[in-house]
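See structure below.
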Amino acid sequence: MVEKAEWGIIGAGGIGSEVMRQLNQDYVSERLHMGPLPEFVIRSTGVMGPDAVTPLDFESFQDLPIPEVTFVAIPSSDDGFEAHEYISHILQNGGIAVTAEKGAISNYFSELKEESDNFNNLGINATVGGGTRLLEVAKNYCQDVDNITQIHLAVNGTLAAIMSSVGPREGSGMSLGQAVHQAVELGYAEPGSTNPNEVIRGEAEGDIPKKTAIFFNALGLSDESLDWNELKFNLSDEDIDHAAEEAKVRRFIVSLYSPNYLEKSQKCPEDQIIGGFEFEHAGWKLVGGFRHIDRNPLFSALASTTGPSNGMVIGLGPNETDGVYSLVGPGAGVRQTANTMIDDYLSRR
Ligand SMILES: NC(=O)c1ccc[n+]([C@@H]2O[C@H](COP(=O)([O-])OP(=O)(O)OC[C@H]3O[C@@H](n4cnc5c(N)ncnc54)[C@H](OP(=O)(O)O)[C@@H]3O)[C@@H](O)[C@H]2O)c1
């Protein structure tokens, strides 16, 4: 009989609880040869048993035996310190870690790459693109980095949901306040504020620079790793009002223009971008902001993002003659993200 893999949970909120729910279904745990219940659930209040409420007789996480895989789903922070401590401990003790927390991966990318044997023991797919598995798919297209011309990303599902609710491509939209309320209710937004502009700022300023840096570094677009702090920006109330007014034709899009592309293109990026950042790193130009979807034909696949979708468009070859490839999928949502985390483990065991 095949032995069932033991697993643990750190952070039993939306995502952590959903990982537990999925693995607790008999047919899933049987199929995947995993125990139906976690060995432990780490909460902010301490070390709990499989029911996530009964304390276990352990002082701290460091005292626990590390199971085959531990899913880390604590809130994303700017410094990623706590998640990094958890992940390092798991890796140092021979476990596989799978995380949805962006702070640790964006702040400690090089360290974790080394500690995890080049991510052989650490799954990070859920940190960018939620259920879309953007990193995994993009890697296939980016083997020959010098053949890339431009990459465009819509990596914040909450903003896609809000913008498409305010300005649907067809029919009439809702107010910004209503759209943000809906996104919060559906669990797309990071926990915290419910004030519309604060929610939008939290998503745009707190989330997108980290995801962009993780994407850039995970794909190895340069040997010099990109620090997400270089992409920090502030969205003003005027920026948000302006973007909401033009919601039918604006999406928050991040573009990565390659050195080869920049050599040939005089005008890059387009003008009239609302908010965001523009930064050069290792010959690449990184641009983010509420962009007009008609200003680059490659934006069109991202223009239709609705709900909490994420998307990616990659152009390959001189003048994109080797093709333009796109992928769109669910960027947030507990079921999709939890499922990505489970797949991240399965591909590593
Ligand atoms: N929701 C999505 O669709 C989505 C998509 C992609 C990525 N993510 C990422 O996934 C992570 C989890 O998201 P979520 O939506 O599940 O958030 P959440 O509902 O707020 O859950 C996080 C849980 O972590 C626990 N926690 C906080 N600090 C902790 C600590 N130091 N140690 C152990 N547990 C701690 C809290 O539970 P207690 O205080 O009760 O212990 C909290 O319920 C975040 O990093 C988020 O960015 C989420």
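On a predicted model such as this, the values are computed, not experimentally measured, just so you know.
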Group every Ile, Leu, Val, Met, Phe, Trp and Tyr by side-chain heavy-atom contacts under 4.5 Å, then state whether Val98 and Val41 land in the same group. yes
List the steps, then state whether side-chain hydrogen bond (donor to acceptor under 3.5 Å, both in side chains) holds for Thr54 with Asp51.
-> CA-CA 7 Å; Thr54 312; Asp51 64 0; 2.5 Å; yes
When every non-hydrogen atom of Gly276 is compared with those of Leu235, the smallest separation belongs to N-CD2, 4.4 Å
Between the side chains of Ser77 and Asp79, does any donor sit under 3.5 Å from an acceptor? yes
| In the single-linkage hydrophobic clustering (I, L, V, M, F, W, Y; side-chain heavy atoms under 4.5 Å), do Leu159 and Leu134 co-cluster? | yes
For the side chain of Asp117 and the backbone of Asn120, is there at least one donor-acceptor N/O pair under 3.5 Å apart?
-> no
I'd like to know whether NE2 of His181 has more than 12 heavy-atom contacts from other residues, nucleotides or ligands below 6.0 angstrom.
no
Backbone of Ala332 reached by a side-chain donor or acceptor of Thr337 within 3.5 Å = no
### Task
Take atom CD of Glu114 as the centre, draw a 6.0 Å sphere, and report whether it contains more than 12 heavy atoms from other residues, nucleotides or ligands.
no
Close side-chain approach of Phe215 and Leu256, heavy atoms under 4.5 Å
yes
Exercise for review: Report yes or no: do Glu18 and Gln22 form a side-chain donor-acceptor pair below 3.5 Å?
Suggested key: yes
The complete set of ring pair (Phe, Tyr, Trp, His ring centres under 6.0 Å) pairs with one or both residues in residues 317-349, sequence neighbours excluded, reads Tyr141-Tyr325
(message) Does Phe119 form a side chain to side chain contact (heavy atoms under 4.5 Å, CB included) with Asn125? I'd like the steps, not just the answer.
(response) CA-CA 11 Å; Phe119 297 102; Asn125 264 313; over 6 Å; no
field: Short side-chain to backbone donor-acceptor contact, Thr70 and Ile66, under 3.5 Å
entry: no
For Glu39 and Leu56 the tightest heavy-atom approach is O-CD1, 3.8 Å
In Ser255, Ser258, Pro269, Pro259, the residue satisfying side-chain contact (heavy atoms from CB on, under 4.5 Å) with Lys285 is Pro269
Practice problem: Kindly say whether Gly14 contributes a backbone atom to a donor-acceptor pair with the side chain of Ser17 at under 3.5 angstrom? | Solution: no
| query | Hey, is Arg201 close enough to Asp207 for a salt bridge, meaning N to O under 4.0 Å? | reply | no
Stepwise, does the side chain to side chain contact (heavy atoms under 4.5 Å, CB included) test hold for Lys139 with Cys142? CA-CA 5 Å; Lys139 270 181 206 156; Cys142 298; 6.0 Å; no
#### Entry: No-hydrogen, no-angle side-chain donor-acceptor test under 3.5 Å, Asn156 and Arg251
no
Checklist entry - So, Arg21 side chain and Gly16 main chain: donor-acceptor pair closer than 3.5 Å or not? => result no
Shortest non-hydrogen pair, Ala104 vs Ile87, comes out as CB-CD1, 4.2 Å
Checklist line | From CA spacing to verdict: side-chain hydrogen bond (donor to acceptor under 3.5 Å, both in side chains), His89, Glu85 | finding: CA-CA 6 Å; His89 181 76; Glu85 293 279 292; over 6 Å; no
Q) Is atom NZ of Lys248 surrounded by more than 12 heavy atoms (other residues, nucleotides or ligands) closer than 6.0 Å? A) yes
Closest non-hydrogen contact found for Ser76 with Gly103 is OG-N, 4.3 Å
Between Ser88 and Glu115, do the side chains contain an N or O donor and an N or O acceptor separated by less than 3.5 Å? yes
Notebook entry, point to check: Under 3.5 Å, side chain of Trp7 to main-chain N/O of Gly35, donor-acceptor pair present?
Noted result: yes
So does Ser347 get a backbone contact from the side chain of Arg349, meaning a donor-acceptor N/O pair under 3.5 Å?
no
Query - Worked check of ring-ring contact (aromatic ring centres under 6.0 Å, His included) between His281 and Phe216 - result: CA-CA 10 Å; His281 178 77; Phe216 188 94; 5.4 Å; yes
Check your understanding: Same cluster or not: are Val155 and Leu298 linked, directly or through other Ile, Leu, Val, Met, Phe, Trp or Tyr residues, by side-chain heavy atoms under 4.5 angstrom apart?
Key -> no
With a 4.0 Å cut-off, would you call Arg291 and Glu270 a salt bridge? yes
Counting distance only, does the side-chain N/O of Ser265 pair as donor-acceptor with the main-chain N or O of Cys268 below 3.5 Å? no
Checklist line | Salt bridge flag under 4.0 Å for residues Asp78 and Lys210 | finding: yes
Worksheet item: Would you say Asp26 has more than 12 foreign heavy atoms packed within less than 6.0 Å of its CG?
Response: no
The test is ring-ring contact (aromatic ring centres under 6.0 Å, His included); show your working for Phe279 and Phe233 and say whether it passes.
CA-CA 11 Å; Phe279 183 69; Phe233 65 97; over 10 Å; no
Would Leu286 and Glu230 count as a side chain to side chain contact (heavy atoms under 4.5 Å, CB included) if you check the C-alpha gap in whole Å, the side-chain angles of each, and the deciding distance to 0.1 Å? CA-CA 10 Å; Leu286 316 173; Glu230 303 287 2; over 6 Å; no
Please tell me whether Ile105 and Tyr86 are part of a single hydrophobic cluster in this structure, the criterion being side-chain heavy atoms less than 4.5 Å apart.
yes
query: Are any of the side-chain nitrogens in Glu245 or Arg250 under 4.0 Å away from the carboxylate oxygens of its partner?
result: no
For Val328 and Ser309, the nearest pair of non-hydrogen atoms, with its separation, is CG1-CB, 4.1 Å
Q | Ion pair check, Glu205 and Lys232, cut-off under 4.0 Å | A | no
**Prompt:** Can you check whether Asn121's main-chain N or O pairs, donor with acceptor, with Ser116's side chain at less than 3.5 Å?
**Reply:** no
Linking I/L/V/M/F/W/Y whenever any side-chain heavy atoms sit under 4.5 Å apart, do Met174 and Ile240 land together? no
Heavy atoms of Asn107 and Trp228 approach each other most closely as OD1-NE1, 3.1 Å
Yes or no on side-chain hydrogen bond (donor to acceptor under 3.5 Å, both in side chains) for Asp322 and Asn147, after CA distance, side-chain angles and deciding distance? CA-CA 9 Å; Asp322 292 342; Asn147 202 37; 3.1 Å; yes
* Going by atom types only, do Asp239 and Ser236 share a side-chain donor-acceptor pair under 3.5 Å? -> yes
- Query: Can you tell if the side chain of Val324 reaches within under 4.5 Å of the side chain of Val313, non-hydrogen atoms only?
  - Reply: yes
Please evaluate residues Arg133 and Asp343 with respect to the criterion side chain to side chain contact (heavy atoms under 4.5 Å, CB included), reporting the C-alpha separation (whole Å), side-chain torsions for both, the decisive distance (0.1 Å), and the verdict. CA-CA 10 Å; Arg133 284 95 161 149; Asp343 278 351; 2.5 Å; yes
Legend entry - CA sep, side-chain torsions, deciding dist, call: His84, Glu82, side-chain hydrogen bond (donor to acceptor under 3.5 Å, both in side chains): CA-CA 5 Å; His84 178 244; Glu82 279 187 308; over 6 Å; no
**Asked** Would one find more than 12 heavy atoms of other residues, nucleotides or ligands at under 6.0 Å from atom CG of Asp237?
**Response** yes
- May I ask you to check whether over 12 heavy atoms, not counting those of Arg335, lie within 6.0 Å of atom CZ? no
Short side-chain donor-acceptor distance under 3.5 Å, His242 and Glu238 | no
Value for CG (Leu176) from CG (Asn197), rounded to nearest 0.5 Å, stands at 6.5 Å
Open item on the list: Please check this pair: side chain of Thr305 against backbone of Asn310, looking for a donor-acceptor N/O pair closer than 3.5 Å.
Closed with: no
